Amino acid sequence: MDKNREVLRHCPHFYTIINFEYYSDDFISEKLINVYEKYIFNTNIDIEENAAKVEKLDEVLFKYINDYTFRNQIKKDIVNIKVTRGENLLDTIVNTIINLFEKYEKLLTRKVPMTRWI
């Protein structure tokens, strides 16, 4: 099986993420989708740990596209990424995105959103 099909087998939301229509001034969404595409196609998914990270990134960006509050939270927090010299920039960004998702999930379980019934 060629590499692209193998990657797409691990990323069920690939086409949804790539075809996401964001506003023209939404540079963060554009960059996140570019990072996603570069990361999944440049990672060796034969290693089980890398395959799991690719699947997690796919899940996180699918959540980013479908959850407005998560998208806003990511846009606020993503600008605070610190990368030290010598680190792999792509890996650092992906790890930060996954960590932000895990933090958001923990917060979401603690907060109960108040809704108004009309």
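Small disclaimer: the values here were computed from a predicted structure and weren't measured.
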Exercise. For the residue pair Y64 and F101, is the inter-centroid distance of their aromatic rings smaller than 6.0 Å?
Worked result: no
Exercise. Do the non-hydrogen side-chain atoms of D67 and F62 ever get within less than 4.5 Å of each other?
Worked result: no
For this session: Answer yes or no: is there a side-chain heavy-atom contact under 4.5 Å between I28 and I78?
Result: yes
Problem set entry | Lys/Arg N to Asp/Glu carboxylate O, K75 vs D26, below 4.0 Å | yes
For this session: Would you indicate whether the side-chain heavy atoms of Y36 and V60 approach each other to under 4.5 Å?
Result: no
For this session: Could you check if a side-chain atom of K53 sits within less than 4.5 angstrom of a side-chain atom of I98, using non-hydrogen atoms only?
Result: yes
For this session: Kindly give the heavy-atom pair with the smallest separation between H10 and E6, and that separation in Å.
Result: CD2-O, 3.1 Å
For this session: Measure the CD1-OG1 distance between I81 and T96 for me, rounded to the nearest 0.5 Å.
Result: 4.5 Å
Exercise. Where the side chain of N50 meets the backbone of N44, is there a donor-acceptor pair that is under 3.5 Å apart?
Worked result: yes
Exercise. Is the shortest heavy-atom distance from the side chain of D58 to the side chain of I17 under 4.5 Å?
Worked result: yes
Exercise. Roughly how far, to the nearest 0.5 Å, is the NZ atom of K63 from the CD1 atom of I97?
Worked result: 15.5 Å
Exercise. What distance do C11 atom SG and E59 atom CD have between them, rounded to the nearest 0.5 Å?
Worked result: 11.5 Å
Seminar exercise, completed: For T16 and I65, the nearest pair of non-hydrogen atoms, with its separation, is O-CD1, 3.8 Å
Exercise. What's the spacing between K38 NZ and I93 CD1 if we round to 0.5 Å?
Worked result: 9.0 Å
Seminar exercise, completed: The reported gap from NE2 in H13 to OH in Y15 (rounded to nearest 0.5 angstrom) is 14.5 Å
Problem set entry | Contact check, side chains of I74 and L32, non-hydrogen atoms, under 4.5 Å | yes
For this session: To the nearest 0.5 Å, tell me how far L61 CG sits from F14 CZ.
Result: 11.5 Å
Problem set entry | Non-hydrogen atoms of I40 and V7 that approach each other most closely | O-CG2, 3.5 Å
Problem set entry | Cluster overlap I47 with F41, hydrophobic side-chain contacts below 4.5 Å | no
Problem set entry | CA sep, side-chain torsions, deciding dist, call: N34, E30, side chain to side chain donor-acceptor pair (under 3.5 Å) | CA-CA 6 Å; N34 287 338; E30 178 183 3; 4.5 Å; no
For this session: Answer yes if L89 and F27 sit in the same cluster of Ile, Leu, Val, Met, Phe, Trp and Tyr residues linked by side chain heavy atoms under 4.5 Å apart, and no otherwise.
Result: no
Exercise. Same hydrophobic cluster for Y22 and Y68, using side-chain heavy-atom links shorter than 4.5 Å among ILVMFWY?
Worked result: no
Exercise. If you measure only the distance, is there a donor-acceptor pair under 3.5 Å linking the side chains of T69 and Y104?
Worked result: yes
